[in-house]
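Naming convention: chains lettered A, B, ... in sequence-line order (proteins, then strands); numbering from 1 in each chain. This is a predicted model, so every value here is computed, not measured.
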Number of protein chains: 2
Amino acid sequence: LETAARHLLVEYWGCDASILDDAARLERVMRDAAVEAGARIVGSLFRPFDPQGVTGVVVLEESHLSIHTWPEQGYAAVDIYTCATCRPERAHALLMEALGAERGETLRVKRGLPSGMEPER
Amino acid sequence: LETAARHLLVEYWGCDASILDDAARLERVMRDAAVEAGARIVGSLFRPFDPQGVTGVVVLEESHLSIHTWPEQGYAAVDIYTCATCRPERAHALLMEALGAERGETLRVKRGLPSGMEPER
């Protein structure tokens with residue numbers, strides 16, 4: 001099915017606070033993660049917040065990667081939404097390392113299936 | 001909890017194909033949906049594809065709304081990821097109408113809870 005896609009939701013805890021507060025670094029990391037997953041990047045938009053935290057999105061063809069960070073909590077919420085032939089798990093592995101995460105909780109959801117979404121841990 | 005957020009994944013089927021192929025219109029609609037949910041917009045990035053389809057993201061403070069469309073299939077994949085005090089359901093109701101969708105399948109996921117993600121239909 002052309003519309004089929006793989007969406008991996010990830011909660012990263014115990015991350016390095018200084019990395020989570022560095023918008024330029026996170027933009028590089030998230031773009032690297034998109035390439036690692038085999039996706040084609042269309043553009044990206046990252047924004048630091050005051051007093052801290054970053055929100056950023058890497059726009060892909062028909063999909064995206066996003067990150068929202070709370071440095072003070074060591075927490076980052078990430079979505080790795082890719083085409084059906086991409087490998088979102090590779091992006092996840094890269095991010096575990098790049099964010100210095102102690103723990104990454106994932107939820108996989110198949111998108112674009114007329115039979116419905118299938119959440120799976 | 002500061003990190004708590006509400007993430008609504010939606011699959012829209014049976015949508016109006018011409019609307020799903022109009023990037024400028026979808027950008028207006030998605031920004032309206034973000035405001036309707038009570039979110040604050042930081043920026044947006046929308047891109048039409050050849051021969052058809054649109055990918056777009058509205059970046060919010062610590063969250064986002066995204067849409068990926070397949071006009072030829074009448075299908076749009078949407079993520080309404082908002083703060084805990086926002087109302088993603090309102091954005092969903094607006095989008096059902098604005099996309100001319102026959103059917104909208106939702107999956108709710110609580111994000112940012114140390115106890116873990118809770119997917120719920």
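Using a 4.5 Å cut-off on side-chain heavy atoms (C-beta onward), B:L9 and A:Y81 make no contact. Using a 4.5 Å heavy-atom threshold, the side chains of B:P114 and A:E11 count as separate. The shortest side-chain heavy-atom distance between A:Y75 and B:R111 falls under the 4.5 Å cut-off.
Of all the listed residues (B:S66, B:S44, B:S63), the one sharing the greatest number of non-hydrogen pairs under 4.5 Å with chain A is B:S63.
Within residues 98-107 of chain B, the residues having any heavy atom under 4.5 Å from a heavy atom of chain A are, by residue number, B:R103, B:E105, B:T106, B:L107. Residues of residues 29-37 of chain B lying under 4.5 angstrom from chain A, judged on non-hydrogen atoms, do not exist here.
Residues B:L20 and B:L94 share a hydrophobic cluster, clusters being chains of Ile/Leu/Val/Met/Phe/Trp/Tyr side chains in contact below 4.5 Å. By the criterion of side-chain heavy atoms lying less than 4.5 angstrom apart, applied directly or through intervening Ile, Leu, Val, Met, Phe, Trp or Tyr residues, B:V57 is not grouped with B:I41; the two fall into different hydrophobic clusters. Both B:I19 and B:L95 are assigned to one and the same hydrophobic cluster, defined by single-linkage of ILVMFWY side chains at heavy-atom distances under 4.5 Å. Note on A:L8: it does not cluster hydrophobically with B:V78, by side-chain heavy-atom contacts below 4.5 Å among ILVMFWY residues. A continuous path of hydrophobic side-chain contacts links B:M96 to B:L26 [ILVMFWY only; heavy atoms under 4.5 Å].
Contacts between A:E61 and chain B at a heavy-atom distance below 4.5 Å involve backbone atoms as well as side-chain atoms. For chain B, the nearby part of A:L60 is the backbone; its heavy atoms alone come within less than 4.5 Å. There is no contact between A:E120 and chain B, counting heavy-atom distances below 4.5 Å. With a threshold of 4.5 angstrom between heavy atoms, A:R47 approaches chain B through side-chain atoms but not through N, CA, C or O. Using a 4.5 Å cut-off between heavy atoms, B:V109 contacts chain A through its side chain alone, with no backbone atom that close. For A:V59, the part lying near chain B is the side chain, with the backbone staying farther off; criterion is any non-hydrogen pair under 4.5 Å. Neither the backbone nor the side chain of A:V58 comes within less than 4.5 Å of any heavy atom in chain B.
Residues A:T3 and B:W13 approach most closely at OG1-CH2, 4.0 Å, considering heavy atoms. When all heavy atoms of B:W70 and A:E2 are compared, the closest pair comes out as NE1-O, 3.5 Å.
Ring-plane geometry between A:H64 and B:H68 is classed as parallel, the angle between the planes falling under 30 degrees on a 0 to 90 degree scale with a further cut at 60.
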